[in-house]
Amino acid sequence: MAGLRQGKIQLAGWIALAILLFVTARIVEAHAVLKQSSPAANSTVKGPDVPITLRYNVRVDASRSKLQLLHPDNSTSDLPIEKQTAPDSMSATAKGLTSGAYRIRWQVLAPDGHITRGEIPFSVTGA
């Protein structure tokens with residue numbers, strides 16, 4: 001009898017663990033994580049016009065997201081987000097950049113309702 005009871009307890013523990021892993025995986029899957037960027041982090045690109053593309057692990061709501069460019073003099077300008085060509089990507093073009101160190105500051109809304117933010121440093125040369 002004790003062996004049967006212990007078996008039921010172990011089974012309940014395994015079921016609880018499986019449910020926890022499933023729920024955790026679904027939550028992590030829904031958050032927007034930057035998978036790829038152009039320009040790449042810490043890269044050097046040729047200016048003066050720099051196309052920007054960001055790709056995430058999930059679809060993002062571009063209409064409720066934001067892209068900004070931080071200039072070498074610490075000023076900030078908003079980058080208009082172009083029409084999405086893929087649900088997991090956003091793109092824009094930074095125009096008229098001079099040589100120097102820049103950062104792309106991004107903020108996206110994921111399907112789970114969470115906002116994710118980040119920055120991508122890059123340099124411009126030959127502008």
Side-chain angles (χ1 to χ4, degrees):
M1 188 63 101
L4 182 60
R5 183 174 178 196
Q6 185 175 2
K8 286 182 180 181
I9 291 172
Q10 284 180 342
L11 178 61
W14 282 111
I15 290 171
L17 179 61
I19 291 170
L20 179 64
L21 289 174
F22 177 75
V23 170
T24 303
R26 298 297 295 168
I27 290 171
V28 170
E29 183 179 298
H31 283 70
V33 175
L34 184 66
K35 301 288 276 181
Q36 184 179 16
S37 71
S38 177
N42 301 310
S43 66
T44 300
V45 297
K46 188 170 175 89
D49 296 340
V50 177
I52 296 167
T53 302
L54 307 179
R55 190 173 65 80
Y56 299 88
N57 65 323
V58 294
R59 67 179 174 82
V60 294
D61 185 346
S63 66
R64 295 187 179 151
S65 298
K66 186 176 185 179
L67 289 177
Q68 290 184 315
L69 185 66
L70 284 72
H71 299 266
D73 65 359
N74 291 323
S75 65
T76 304
S77 60
D78 290 333
L79 293 169
I81 299 171
E82 298 166 358
K83 184 178 178 187
Q84 280 183 282
T85 58
D88 64 346
S89 299
M90 290 193 316
S91 58
T93 300
K95 297 182 179 184
L97 303 186
T98 58
S99 294
Y102 293 83
R103 287 179 290 162
I104 300 165
R105 182 176 289 163
W106 56 268
Q107 174 180 302
V108 295
L109 178 64
D112 67 352
H114 285 95
I115 294 174
T116 308
R117 298 174 178 89
E119 289 189 359
I120 303 163
F122 71 100
S123 295
V124 173
T125 187

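All figures in this text were calculated on a predicted structure; none of them were measured in a lab.
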Please report the closest heavy-atom contact between Gln68 and Asp78, naming both atoms and the distance.
NE2-OD1, 3.1 Å
Look only at the side chain of Asp61 and the backbone of Ala110, and say whether a donor-acceptor pair between them is shorter than 3.5 Å.
no
Give a yes or no answer on whether the side chain of Ser89 reaches the backbone of Arg55 with a donor-acceptor pair at less than 3.5 Å.
no
For Asn57 and Val33, indicate whether the former's side chain and the latter's backbone hold a donor-acceptor pair under 3.5 Å.
yes
Please name the pair of heavy atoms, one in Ser65 and one in Val108, separated by the smallest distance, quoted to 0.1 Å.
OG-CA, 3.3 Å
Are any non-hydrogen side-chain atoms of Leu70 and Glu119 less than 4.5 angstrom apart?
yes
Nearest heavy-atom contact between Ala40 and Ser43 is O-OG, 2.7 Å
Can you confirm whether Ser38 sits close enough to Val45 that some side-chain heavy atom of one is under 4.5 Å from a side-chain heavy atom of the other?
no
Hey, are the side chains of Gln84 and Val60 touching, using non-hydrogen atoms and a 4.5 Å cut-off?
yes
Decide side-chain contact (heavy atoms from CB on, under 4.5 Å) for Leu34 and Ile120; before the verdict, give the C-alpha distance in whole Å, the side-chain angles of both, and the deciding distance to 0.1 Å.
CA-CA 10 Å; Leu34 184 66; Ile120 303 163; 3.6 Å; yes
Out of curiosity, Thr44 OG1 to Phe122 CZ, how far, rounded to the nearest 0.5 Å?
10.0 Å
Taking the side chain as everything from C-beta on, heavy atoms only, tell me whether Val50 gets closer than 4.5 Å to Leu69.
no
Under 4.5 Å between any side-chain heavy atoms of His71 and Tyr102, yes or no?
yes
Looking at every non-hydrogen atom in both residues, tell me the closest pair between Ser123 and Ala101 and how far apart they are.
OG-CA, 4.1 Å
Can you classify the ring geometry of His31 versus His114 as parallel (below 30°), tilted (30 to 60°) or perpendicular (above 60°)?
parallel
Mind listing the closest non-hydrogen atom pair of Thr116 and Ala32 along with its distance?
CG2-O, 3.1 Å
Any Leu67 side-chain heavy atom under 4.5 Å of Leu54 side chain:
yes
Can Glu82 and Ser91 be counted as having a side-chain donor-acceptor contact under 3.5 angstrom?
yes
Once rounded to the nearest 0.5 Å, what's the spacing between atom CZ of Arg105 and atom OG of Ser77?
11.0 Å
Heavy-atom closest contact (Ile52 atom, Ala94 atom, distance)
CD1-CB, 4.0 Å
Between CG on residue Asp88 and CZ on residue Arg59, distance to nearest 0.5 Å:
11.0 Å
